[in-house]
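Shown next, in structure tokens, is the structure this report addresses.
In the text below, chain A, chain B and the rest are named by the order of the sequence lines, each starting its count at 1. It should be emphasised that the depicted structure is a prediction, and the values quoted were computed from it without experimental measurement.
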2 protein chains.
Amino acid sequence: MTNIKDVAKLANVSVTTVSRVLNKHPYVSEEKREAVLDAVKKTNYHINRNAVNLSKGKTFLIGVVLPYSDHPYFGTLLKGIANAALEHNYKLVLIQTNYQKDKEKEAFIMLEQKQIDGLIICSRVSEWEVIEEYVIYGPIVLAEKNITEQVSSTYIDHYQAFYQALNHLYTNGYQSIGYCINRKNGVSSQQRERAYHDFLKEKQIPFDQNYIFDGYLNFEDGERVVQQLKQMKKPPAALIVTSDQVAAGIVTCCHNLGLQVPKDLAIIGFDNQPIAKYMGITTMEIPLSEMGENLFLQAITREKVSQKRVNVQLIERQTV
Amino acid sequence: MTNIKDVAKLANVSVTTVSRVLNKHPYVSEEKREAVLDAVKKTNYHINRNAVNLSKGKTFLIGVVLPYSDHPYFGTLLKGIANAALEHNYKLVLIQTNYQKDKEKEAFIMLEQKQIDGLIICSRVSEWEVIEEYVIYGPIVLAEKNITEQVSSTYIDHYQAFYQALNHLYTNGYQSIGYCINRKNGVSSQQRERAYHDFLKEKQIPFDQNYIFDGYLNFEDGERVVQQLKQMKKPPAALIVTSDQVAAGIVTCCHNLGLQVPKDLAIIGFDNQPIAKYMGITTMEIPLSEMGENLFLQAITREKVSQKRVNVQLIERQTV
DNA sequence: CTGAAAGCGCTAACAA
DNA sequence: TTGTTAGCGCTTTCAG
């Protein structure tokens, strides 16, 4: 493999000059520039990124931590991040964790070892203390509301969004409202739970533990929800479902069983995925792609941290 | 940032010894080992991957080229690759192309510039000539049948799989069979087209251009297919759909419109995604996750190339 | 405008 | 067992 020295020799200049030409620095005479370019061609020279990285102390690589790469929510978020990365000449290192702490840890270690310049955490199980421990090694940005001021974030106010969804149902006459999430212990779920309890208290509606459905992520999980519902003596009249995928599954299953939506069961989804539009599901739109772009931007700015709250918008369709 | 030299100084040993300890090489006395480990702790030392990479000429990074990161097909494939990568201590660099040649090109350049050790191409638009041009820079592996012997591949025989699907329909009494793909010019589509034509010829069924539906990728695209179908005077009695997502969309739409599956329209999907199981869709199972794992393995072996054909299996359910 | 030389941080051949 | 030292390939300061 030919290196910068070979090129310099062939072009009869110093390596410095070659470097200048390659990096389009000024102050190089036209003839030398051409000589260099010519030598580059002749030797089939290609710069070695590792050497550049070492010398510059920068890799132009951003790590992206996410639990699953095969779910539309993260897929769309990732798309936003990827598009922004492309635009800024960065590449992404994918760290799929399946929500395992040790895999998340690996991402932090990459940052520590300078293999990546920054880290985007789309969803996590690690504690805040762990994150704080690693902020000194580079920008860490989160897709959730930050607790400390040390990290940047682009987040949704899940409390507010959930409250809004509840209110919408209530305003439309629904009193017994349940909800459906993926991870009870997830950060967002906790915010939603608070909103739920506060809402019930405000409206003086009694709490029923059975109205909370935990562990539903995909389209096909919708059926399980409906099965649960059918076995209840007093099922909720409406359901907030924190993923359009699951919402779509529920609606489909209802159709199949002859249940009427929203008459028998009202549904509000989350995300506004294409499938929600297609199936006419009322949903809380989350601008995932834009969130991804902003996350990326935050990840490449070392200087200052920032927090950005993203607005969620109710999209009314036919399931409420 | 402290480096190996600082550690050596503090531990009163040479950098070599430090390196040996860090890399668990033999021939280090226990006391020196401890001294080193102690110094590492005290200085909060972390190895610099870029330096290692440069020195070793290896990055433990594999590039993954795929068009969309938000489609279950690629999501599942990616999951398989990611799991294998994890197991072998590699990380993945995601290169999302949206089927743009220049973005694919960037992946090749990364290989050329030694930023990645190998490249997995899940789907492509670049010509074979381009791939051949870059094989000298490192292992390139493809998820499709290779034309030259220079690259490794893990692939499905789309011709055979498609033929099998056609036969299954035919055996079940369907004569007018159409099919639904995403990219007419994609590599796999061309194989399917050949199979289709050969099959029609064999069974002496006349060809109808309108029976080929091109440009359908997601669940919500299913509706467009059904709309097309409805406007035809003589719609096909059965449809092979090369993505379970689209198949599910079609089935759902049929339900909504009161069309009976398979009576009015028989469907065979592809992939065997969870949604196909859930909706009882007959499908050709592709072991995507296993394919991903094998692709990864091929990507990290420099020495010899290999080709692996993966078998597709018919899963009979209720849509035929 | 140009080049010499000192890094960047680590590995490994070689010598001891 | 251990240390010296020469790379790995590029950037950048400094002197000219």
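Ring geometry for A/Phe74 against A/Tyr68 counts as perpendicular: the plane angle is over 60°, on a 0 to 90° scale with 30° as the lower cut. In this structure, B/Tyr90 and B/Phe60 have tilted ring planes: the angle between them lies in the 30° to 60° band.
Geometric assessment of B/Arg20 against the ring of B/Tyr27 yields a negative cation-pi assignment under the 6.0 Å and 45° thresholds. B/Tyr99 carries B/Arg183 over the face of its six-membered ring, with the cationic atom under 6.0 Å from the centre and within 45° of the normal.
Checking the phosphate oxygens (OP1, OP2) of C/dT2, no side-chain nitrogen or oxygen of A/Thr17 falls inside 4.0 Å. Look at B/Lys32 and you'll find a side-chain N or O under 4.0 angstrom from OP1 or OP2 of D/dG3.
Both B/Tyr27 and B/Leu54 sit near DNA chain D, but only B/Tyr27 has its closest nucleotide nearer the 5' end. Nearest-nucleotide mapping onto DNA chain C: of B/Asn50 and A/Asn12, the residue sitting toward the 5' end is A/Asn12.
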Mark up nucleotides 10-16 of chain C, 5' to 3', with B wherever a protein heavy atom is under 4.0 angstrom from a base atom, S wherever such an atom reaches only the sugar-phosphate, and - elsewhere. BSBB---

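We find the CD-CG distance between A/Glu290 and A/Asn83 to be 10.5 Å, quoted to the nearest 0.5 Å.
Atom-to-atom, CZ of B/Arg33 to C1' of D/dT2 comes out at 13 Å; the value is rounded to the nearest Å. In this entry the distance linking CG of A/Asn53 with C1' of D/dT12 reads 16 Å, nearest Å.
A salt bridge does not link B/Lys103 to B/Glu106: none of the charged side-chain nitrogens sits closer than 4.0 Å to a carboxylate oxygen.
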